[in-house]
Amino acid sequence: MIRAKHELLQALQVALAEQAAAAGVPAPAAAFESPKQAAHGDLAITAAMQMSRAARRNPRELATALVNSLEASAAFRRWVGAIEIAGPGFINLRLSPAALQTVVTEVLQAAQDYGRRPATAQRVMVEFVSANPTGPLHVGHGRQAALGDSLCNLLQTQGHEVYREFYYNDAGVQIQTLALSTQARLKGLKPGDPQWPQTAYNGDYIADIAADFATRKTVIADDRQTTASGDPDDLDGIREFAVAYLRHEQDLDLKAFGVRFDHYYLESGLYRDGRVDSTVTRLVSAGETYESEGALWLRTTEYGDDKDRVMRKSDGSYTYFVPDVAYHLHKWERGFHKVINIQGTDHHGTVARVRAGVQAAGAGIPAGYPDYVLHKMVTVMRGGQEVKISKRAGSYVTLRDLIEWTSRDAVRFFLISRKADTEFVFDVDLALKRNDENPVFYVQYAHARICSVLAQHEARGGAALDLAGADLALLTAPAEAALMLELARYPDVLANAADTLAPHDLAFYLRDVAAAFHTYYAAERFLVDDPALARARMALLSATRQVLRNALGLLGVDAPEGRQLCRRDGRDWECGREAASRLTAKIADRDVRCEIEKIDQHGRKLGVCGVGGVELNRWLVENGWAVAYGGYEAEERIARQSRRGIWASEFERPRDWRDHNLGGD
């Protein structure tokens with residue numbers, strides 16, 4: 001629908017210019033909005049109300065004149081099925097079936113590039129996570145990682161060259177505390193002992209660092225290798241090793257989370273290279289500082305801060321925001337004139353100070369540089385109880401904990417599913433559910449369902465790639481129109497989410513697409529006797545699968561194709577990707593591919609099959625498979641009737657258990 005919308009926007013701009021000229025007012029930009037209710041149409045125009053005050057005319061009169069101009073255009077006659085005026089002057093459009101149907105072809109032709117824009121000259125740096133190397137990553141860092149990585153992916157869809165940077169604060173009081181905590185462990189102390197430092201870190205990871213240091217282990221972090229001396233009195237060596245150890249641990253967590261960086265920047269490098277001192281000298285020379293009470297102050301109030309800030313304390317040490325200013329000056333000098341920092345809301349106070357500092361430096365940096373996305377922290381609930389986060393007590397929930405309790409997909413989707421500046425409660429129990437209450441399962445299930453239907457179509461003789469010539473004019477059912485309209489929204493969703501730095505919009509969109517598909521799945525049969533209609537519907541399903549896969553990939557979430565038939569540690573889990581072997585069975589003249597993940601203690605095969613239906617499940621049970629997919633009562637009924645102790649899944653069962661799309665009887 002990209003072509004149709006482009007032509008409609010051009011026609012709207014012409015009509016607006018005509019009406020604005022007649023009224024003697026400037027013409028507003030041509031734009032369509034999405035009505036809040038589907039009953040109001042597919043697109044809405046609010047320009048008449050925008051022009052009414054300047055034109056001193058009733059907005060409905062302007063809307064009527066605008067509609068008359070639009071109806072005379074070839075684009076509107078071709079792509080609009082109905083147009084009406086509502087309320088004080090809204091213009092609601094209902095697109096023609098032909099307009100909606102074009103999106104299927106556009107998606108299939110563009111594939112993974114659907115919704116992406118051509119390359120631009122814009123270079124963007126996104127700094128995120130930037131956790132102090134004083135402990136494992138906690139769930140707050142996880143939220144930042146999910147936000148940052150998804151935002152980077154979104155910016156790339158708009159053609160920007162994106163650079164991902166992690167800033168390590170490896171200097172300062174917290175690093176000294178880390179070194180002293182590790183040294184105390186090396187000397188046989190532990191939390192609770194009278195000699196244990198009051199400000200020390202109490203987590204078990206400190207004991208792990210001390211044990212590796214004592215045995216002179218070597219750790220590799222980024223491109224550096226550090227070997228412990230084993231000497232408990234070597235505080236500098238302990239500090240270097242502890243930082244390297246935790247940087248390595250954080251790297252492993254980020255890798256498990258599917259997050260990568262182009263560069264790691266060390267705060268200590270700013271001091272080593274003289275950038276902190278040179279920044280202070282630069283600000284003093286610019287006349288932006290003054291001395292008072294033995295300290296050096298920066299005139300930040302002249303740049304929007306609520307009060308001036310101390311740069312150099314009376315003892316000669318710098319305050320923490322000075323290296324931040326030096327760091328951002330270096331970002332600008334490296335050619336990154338568009339910078340986005342993703343940080344917790346506890347860093348809110350640094351925003352005005354850093355911006356004031358870089359503007360005062362006289363480098364030509366504009367106000368508002370850099371941009372910030374501030375996120376609130378995460379509350380973790382498990383078993384109806386809050387799991388407390390306390391780094392100093394050593395009992396906080398780590399990102400690794402959350403992944404192990406649920407899955408990487410669940411953590412990434414959940415942490416991106418709300419606006420960054422809102423409180424978020426991560427419900428571990430909800431993340432484990434296998435029904436439509438769990439948003440990531442709901443979306444992934446839509447993708448897996450489509451894959452299953454397409455596999456059925458191919459098994460019946462339908463060519464997998466022979467969809468380009470499908471007669472899309474046959475796609476006229478209401479559920480089909482609703483689904484195609486959702487697919488058509490995708491390019492705008494990407495553009496708006498990238499422009500407003502709001503990756504959560506993509507998570508909302510995915511749920512909308514999944515809902516439209518599940519509604520379609522319940523309303524219509526896909527594998528119908530009419531080959532032309534079946535082919536058209538396979539084309540729509542293939543396009544839907546492509547959009548789901550594209551959008552999930554931007555969020556770092558997998559798009560599963562198979563059915564989940566595995567169980568581990570008393571709960572469902574994804575399997576089949578690391579299958580040990582494969583088997584092929586002939587079921588109802590169809591080849592059914594199943595992957596065996598393992599054999600359980602009862603000799604039952606646990607794995608995943610790509611094609612379903614009651615017939616298949618009966619065969620699976622008879623041949624020793626443990627069946628637990630789908631939420632279709634007929635399938636699970638066979639499992640229960642087998643008397644083999646086969647466990648049941650937690651999928652929500654539809655009222656009608658007959659799976660008419662997947663061959664159930």
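For clarity, every value in this text was computed on a predicted model and none was experimentally measured. The figures here come from the full heavy-atom set of this structure, side chains too, leaving out hydrogens, waters and symmetry mates.
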**Fill in**
Correct closest heavy-atom pair for Pro323 and Leu270 would be O-CD1, 3.4 Å
**Request:** Decide side chain to side chain donor-acceptor pair (under 3.5 Å) for Asp253 and His141; before the verdict, give the C-alpha distance in whole Å, the side-chain angles of both, and the deciding distance to 0.1 Å.
**Result:** CA-CA 11 Å; Asp253 289 345; His141 297 135; over 6 Å; no
**Message:** Testing the basics here: between Arg143 and Lys376, what is the closest heavy-atom pair and its distance to 0.1 Å?
**Reply:** NH1-O, 2.8 Å
**Step-by-step side-chain contact (heavy atoms from CB on, under 4.5 Å) determination, Thr422 to His504** = CA-CA 11 Å; Thr422 59; His504 66 276; over 6 Å; no
**Asked** Is there a donor-acceptor pair closer than 3.5 Å between any side-chain N or O of His330 and the backbone N or O of Ala326?
**Response** no
**Gln19 side chain vs Leu66 backbone, donor-acceptor pair below 3.5 Å** = no
**Item:** Heavy-atom check, side chain of Val373 versus side chain of Gln144, under 4.5 Å
**Value:** no
**Item:** Distance-only side-chain donor-acceptor flag, Tyr372 / His347, under 3.5 Å
**Value:** no
**Prompt:** Salt bridge between Asp149 and Arg412, side-chain N to carboxylate O under 4.0 Å?
**Reply:** yes
**Asked** Between Glu561 and Arg549, is there a salt bridge with N-O shorter than 4.0 Å?
**Response** yes
**Request:** List in chain and number order the residues that pass ring-ring contact (aromatic ring centres under 6.0 Å, His included) with Phe257, two or more places apart in sequence or in another chain; answer none if no residue qualifies.
**Result:** none
**Message:** Is it the case that the side chains of His518 and Arg449 hold a donor-acceptor pair, with the cut-off being a distance below 3.5 Å and no angle test?
**Reply:** yes
**Prompt:** Does a side-chain heavy-atom distance below 4.5 Å link Val339 with Glu127?
**Reply:** no
**Prompt:** When rounded to the nearest 0.5 angstrom, what distance separates CG in Leu155 from CZ in Arg123?
**Reply:** 14.0 Å
**Request:** Determine yes or no for a side-chain-to-main-chain donor-acceptor pair under 3.5 angstrom, with Gln444 supplying the side chain and Asp558 the backbone.
**Result:** yes
**Prompt:** Can you tell me if NE2 on His6 sees more than 12 non-hydrogen neighbours from other groups inside 6.0 Å?
**Reply:** no
**Item:** Under 3.5 Å side-chain donor-acceptor pair for Thr105 and Gln109
**Value:** no
**Message:** Using the rule side chain to side chain contact (heavy atoms under 4.5 Å, CB included), only one of Tyr167, Phe261, Phe166 pairs with Phe128; which is it?
**Reply:** Phe261
**Request:** Name all residues meeting the side-chain contact (heavy atoms from CB on, under 4.5 Å) criterion together with His40; count only those two or more places apart in sequence or in a different chain, and write none if there are none.
**Result:** Pro35, Gln37, Asn92
**Message:** Quick check for you: to the nearest 0.5 Å, what is the distance between His447 atom NE2 and Leu510 atom CG?
**Reply:** 11.0 Å
**Asked** So do the side chains of Thr102 and Lys5 get within less than 4.5 Å of each other, counting heavy atoms only?
**Response** no
**Request:** Find the distance between CG (Leu402) and OG (Ser407) and round it off to the nearest 0.5 Å.
**Result:** 9.5 Å
**Request:** With the side chain counted from C-beta on, respond yes when Tyr114 and Asn550 share a heavy-atom pair under 4.5 Å apart, and no when they do not.
**Result:** yes
**Asked** Ignoring hydrogens and geometry, is there a side-chain-to-backbone donor-acceptor pair from Arg282 to Ala361 under 3.5 Å?
**Response** yes
**Prompt:** If every non-hydrogen atom of Ala146 is compared with every non-hydrogen atom of Ile416, which pair is closest and at what distance?
**Reply:** O-CD1, 3.6 Å
**Prompt:** Gln250 and Val129: side-chain contact (heavy atoms from CB on, under 4.5 Å), yes or no, with the steps?
**Reply:** CA-CA 10 Å; Gln250 291 178 357; Val129 182; over 6 Å; no
**Prompt:** Any side-chain heavy atom of Gln158 within less than 4.5 Å of one from Thr120?
**Reply:** no
**Prompt:** Could you go step by step and tell me if Ser96 and Arg78 meet the side-chain contact (heavy atoms from CB on, under 4.5 Å) rule?
**Reply:** CA-CA 8 Å; Ser96 67; Arg78 181 178 184 184; over 6 Å; no
**Asked** Within a strict 4.5 Å, meaning less than it, do heavy atoms of the Arg535 and Leu467 side chains meet?
**Response** yes
**For the student: nearest non-hydrogen atoms of Tyr369 and Phe336, plus distance** = OH-O, 2.8 Å
**Item:** Interatomic distance, Glu267 atom CD to Ser130 atom OG [nearest 0.5 angstrom]
**Value:** 11.0 Å
**Asked** Does Asp499 use its side chain to pair, donor to acceptor, with the backbone of Ala495 at less than 3.5 Å?
**Response** no
**Asked** Can you tell me if Gln122 and His160 form a side-chain donor-acceptor pair at under 3.5 Å?
**Response** no
**Request:** With side-chain contact (heavy atoms from CB on, under 4.5 Å) as the test, would you mind laying out the steps for Thr345 and Asp421 before giving the verdict?
**Result:** CA-CA 8 Å; Thr345 51; Asp421 61 356; 5.6 Å; no
**Message:** Minimum heavy-atom separation for Leu554 and Asn153, please, with both atom names.
**Reply:** O-ND2, 2.8 Å
**Asked** In Å, rounded to the nearest 0.5 Å, how long is the span from CG of Leu472 to CG of Leu100?
**Response** 11.5 Å
**Asked** Does Met538 reach the side chain of Val453, with side-chain heavy atoms less than 4.5 Å apart?
**Response** yes
**Request:** Specify the closest pair of heavy atoms between Val411 and Phe426, including all atoms of both residues, with the distance to one decimal.
**Result:** CA-CE1, 3.8 Å
**Asked** Is any side-chain heavy atom of Ile342 closer than 4.5 Å to a side-chain heavy atom of Val126?
**Response** yes
**Request:** Check for a donor-acceptor pair, side chain of Gln13 on one end and backbone N or O of Leu9 on the other, with a separation under 3.5 Å.
**Result:** no
**Prompt:** Can you check whether Ala431's main-chain N or O pairs, donor with acceptor, with Asn438's side chain at less than 3.5 Å?
**Reply:** yes
**Item:** ring pair (Phe, Tyr, Trp, His ring centres under 6.0 Å) contacts in which one or both residues fall within residues 71-92, not counting sequence neighbours
**Value:** none
**Item:** Main-chain N/O of Val162 paired to Gln156 side chain as donor or acceptor, under 3.5 Å
**Value:** no
**Message:** Treating Asp42 as the side-chain partner and Leu95 as the backbone partner, does any N or O pair qualify as donor plus acceptor under 3.5 Å?
**Reply:** yes
**Prompt:** Taking Ser542 for the side chain and Ala539 for the main chain, is one N or O donor matched with an acceptor at less than 3.5 Å?
**Reply:** no
**Fill in**
OH of Tyr520 to CD1 of Ile450, rounded to nearest 0.5 Å, is 10.0 Å
**Donor + acceptor pair across side chains of Tyr490, Glu106 (<3.5 Å)** = no
